[in-house]
Amino acid sequence: MKIKNICCIGAGYVGGPTMAVIAQKNPHINVTVVDINEERINQWNSDDLDKLPIYEPGLAHVVKEARGKNLFFSTNVKKAIINSEMIFISVNTPTKTSGKGKGFAADLKYVKLCAKQIADVANSDKIVVEKSTVPVRTSEKIKEILISNNKNVDFQILSNPEFLAEGTAMRDLQIPDRVIIGGDNTNKGKKAVKSLVEIYSSWVPIDNILTTNLWSSELSKLTANAFLAQRISSINSLSELCEETGADIEEVSKAIGMDSRIGSSFLKTSVGFGGSCFQKDILNLVYISRSIGLEKVANYWEQILIINKHQRDRFANKIYSLINKESLNKNICILGWAFKKDTNDTRESAAIYVASNLIKSNINLSIYDPKVNESQIFFDMNYIDGNDKKNKEHISVYNNPLDCIDKTNIIAILTEWDEFKDYEWKKIFDKMSKPAYIFDGRNILDRDKLESIGFNYIGLGR
Ligand code: NAD
Ligand code: UGA
């Protein structure tokens, strides 16, 4: 099937950037991204490109190039489905908060609703592409919903998981390591796979487009995230061992990363990984394994999350213990709230958990992040502990890092924003109460330089 019109349901961190790149690279295809969230769609359509709903380096430029030509953002879900030969489902798949699998399984209600919507309005054959991250064999459920609700048209289901990382999404989309497309091994299935391969081959070398069966494609996505997160928890667990033994985690990380069999990526110790996906995808993997009786496999993967929580907790405890031991001001400056640099996304950010731990000990927090605003910070805090009154008493948010440090002895770096490295640290030191401490939860600052200014520097694993 020659694709002339694409619809993507879900205009979030994946749907928006992914479709912007597909549209940019395929000017002959009309791409419409739809969402039920009207405010989000209005932001995508905003003339002011600073008002796009997500911050991602390079995104505004691509949106500017394609929007209004062959890239459209709309709330008219029905119309976009009817007009398209190919429909991507790119909605959220959060961890279930109730019912069977609560706290572990992925909640597929949004995905299922999309399938139902597609079946309800489709009056011509459709290729439905699973872009959301889903448990293995979800494509079967999608197919069931489509077929049982509409017997008049043919539906082909493809799995095409997304591997972009926030902050580098545009580069990841434009030069992907690989694109995976899973489909049925039937004639119609193979034709559907070919249609999607053609779209990607506008810019991705054909050798980097891997075609597989549906379930391998689904499981590869969960596995990739679990492997990446596993490396971070491994290095984070060793950071604690380094602190006890006098080894330096930065040196250990470099030494093992130079082994080409291990490789150097994802070996940066941190206050804990965050983001909307690592935790939920591992919980999902744990759930799938446990629900089919693979208890030891489930326990193995679950350990990644146990170490991640431990790393966040022990970072907060270190700060709290120092305040008590040295009778310091109960005010801390927190630099960084996003779950990583170059994004405004705060979902599951380690900063939220560290802040919550500190507030429980009645510590006041002055917070600055270059891309996260005050209302998001209060939203995040209220979401995890529901204590709006206490959060308001203990948190102040600033637009400028220099305003953050009044009456503080301690600065905690929780996101690895590049701008933190470029600060005039002497000026900051002069304004702080003394003694002045820096807890570098990302090991990004120059210890020798800070110590020569007069700071006490506490990194991770060193
Ligand atoms: P998101 O929450 O940013 O966006 C999802 C959007 O879907 C929301 O705007 C929501 O309003 C919309 N939506 C939900 N149901 C809808 C419906 N029935 N009709 C129309 N719109 C609907 O989520 P995201 O970060 O873009 O993630 C989407 C999926 O991609 C998830 O499964 C996630 O695991 C996966 N993923 C995310 C990333 C990432 O970096 N964020 C990377 C790879 C894969
Ligand atoms: C991750 C994967 O890298 C993507 O391939 C995947 O598509 C995506 O999840 C997803 O499925 O959502 P993302 O979460 O956006 O991408 O960002 P990462 O760069 O993976 O960072 C995740 C977290 O790990 C961040 O908090 C980051 O600071 C932390 N991290 C990363 C470390 O602590 N150490 C590292 O060495 C690398």
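As the structure lists them, so they are numbered: ligands from 1, and atoms in each ligand from 1. This is a predicted model, so every value here is computed, not measured. Along the sequence shown, residues carry numbers from 1.
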For L228, the atoms of ligand 2 under 4.0 Å from one of its heavy atoms are 2 (C), 3 (O)
The closest protein heavy-atom partner of atom 24 (P) of ligand 1 is Y13 N, 3.9 Å
Original post:
Does the side-chain contact (heavy atoms from CB on, under 4.5 Å) test come out yes or no for V21 and Q174, once each step is laid out?
Top reply: CA-CA 7 Å; V21 171; Q174 280 159 341; 4.2 Å; yes
Residue, atom and distance of the protein heavy atom nearest atom 31 (C) of ligand 2 read I232 CD1, 3.5 Å
Margin query: Between S90 and E162, is there a side-chain donor-acceptor contact under 3.5 Å, judged purely by atom types and distance?
Written below: no
**Asked** Between F88 and K131, is there a cation-pi geometry (under 6.0 Å to ring centre, at most 45° from the normal)?
**Response** no
closest protein heavy atom to atom 22 (C) of ligand 2 is F278 CE1, 3.6 Å
Practice task
Would you please test Y13 and N344 for side-chain hydrogen bond (donor to acceptor under 3.5 Å, both in side chains) and show each step?
Solution key: CA-CA 10 Å; Y13 282 85; N344 61 346; 3.1 Å; yes
#### Entry: Min N/O separation T93 to ligand 1 under 3.5 Å
yes
Any heavy atom of L164 under 4.0 Å from ligand 1? The part involved is both
Practice item. Return yes if a side-chain donor-acceptor contact under 3.5 Å exists between S234 and Q230, otherwise no. Key: yes
request  = Check whether any N or O atom of V14, backbone or side chain, sits under 3.5 Å from an N or O atom of ligand 1, and answer yes or no.
outcome  = yes
**Message:** For ligand 2 and S270, I'd like to know whether there is a polar contact (N/O to N/O, distance under 3.5 Å).
**Reply:** yes
Within the 4.0 Å heavy-atom cut-off, what S132 brings close to ligand 1 is both
Heavy-atom closest pair (F163 atom, S220 atom, distance to 0.1 Å) is CE2-O, 4.4 Å
At the 4.0 Å heavy-atom cut-off, does K221 count as touching ligand 2?
yes
The protein heavy atom nearest to atom 21 (N) of ligand 1 is I36 N, 3.4 Å
**Study point:** OH/Y423: more than 12 non-hydrogen atoms of other groups inside 6.0 Å
**Key:** yes
Exactly one candidate in R462, R447, K268 meets side-chain hydrogen bond (donor to acceptor under 3.5 Å, both in side chains) with E250; the answer is K268
Quiz prompt | Polar proximity ligand 2 side, G274 side, N/O cut 3.5 Å exclusive | solution = yes
shortest atom 12 (C) of ligand 1-to-protein heavy-atom contact is with D35 OD2, 3.2 Å
With nothing but distance in play, are any N or O atoms of E166 less than 3.5 Å from an N or O of ligand 1?
yes
| request: Could you say whether the N/O atoms of F163 and ligand 2 ever approach to under 3.5 Å? | output: yes
**Asked** Among the heavy atoms of C277, does any lie under 4.0 Å from an atom of ligand 2?
**Response** yes
Here the gap from T32 atom OG1 to F73 atom CZ, rounded to the nearest 0.5 Å, amounts to 9.5 Å
Just distances here: any N/O of T133 and N/O of ligand 1 closer than 3.5 Å? yes
If you measure only the distance, is there a donor-acceptor pair under 3.5 Å linking the side chains of S239 and R314? yes
*Using distance alone, decide if ligand 1 has a nitrogen or oxygen within less than 3.5 Å of any nitrogen or oxygen in Y110.*
no
Inset, instruction - Please say whether K268 places an N or O atom under 3.5 Å from an N or O atom belonging to ligand 2. - result: yes
Going by distance only, is there an N or O of L164 that falls short of 3.5 Å from an N or O of ligand 2?
yes
Examine S90 against ligand 1 and note whether any of their N/O atoms are separated by less than 3.5 Å. no
message = Please check whether N225 reaches ligand 2 - meaning an N/O of the residue sits under 3.5 Å from an N/O of the ligand, judged on distance alone.
response = yes
*When you look at CG of D418, are more than 12 heavy atoms from neighbouring residues, nucleotides or ligands closer to it than 6.0 Å?*
yes
Item to complete: Decide whether T138 and E130 meet the rule of one side-chain donor and one side-chain acceptor closer than 3.5 Å.
Response: no
for atom 5 (C) of ligand 1, nearest protein heavy atom and its distance come out as N92 OD1, 3.5 Å
Atoms of ligand 1 under 4.0 Å from any heavy atom of K221, numbered from 1 in the order shown, are 43 (C)
Checking heavy atoms under 4.0 Å, the part of V91 that sits near ligand 1 is both
| query | Which of parallel (below 30°), tilted (30 to 60°) and perpendicular (above 60°) describes Y200 and W203? | reply | tilted
Q.
For the residue pair K126 / S124, report whether a side-chain donor-acceptor contact shorter than 3.5 Å exists.
A. yes
Does K280 reach ligand 1 with a nitrogen or oxygen that is under 3.5 Å from one of the ligand's nitrogen or oxygen atoms?
yes
| Which of parallel (below 30°), tilted (30 to 60°) and perpendicular (above 60°) describes F273 and F278? | perpendicular
Is R40 close to ligand 1, meaning an N/O of one under 3.5 Å from an N/O of the other?
yes
Q.
I'd like to know whether ligand 2 has R442 as a neighbour, heavy-atom separation below 4.0 Å.
A. yes
Rounded to the nearest 0.5 Å, the CD1 atom of I142 sits from the SG atom of C114 at a distance of 8.5 Å
Atom 21 (O) of ligand 2 sits nearest the protein heavy atom K340 CD, 4.0 Å
* Mind checking whether F339 has an N or O less than 3.5 Å away from an N or O of ligand 2? -> yes
Nearest non-hydrogen protein atom to atom 15 (O) of ligand 2, with distance, is E166 N, 2.8 Å
- request: Return the orientation label for the F439 and F315 ring planes: parallel under 30°, perpendicular over 60°, tilted otherwise.
  value: perpendicular
Taking atom types as modelled, is there a side-chain donor on N308 or Q279 under 3.5 Å from an acceptor on the other? no
Checklist entry - Is the shortest N/O to N/O distance between R347 and ligand 1 below 3.5 Å? => result yes
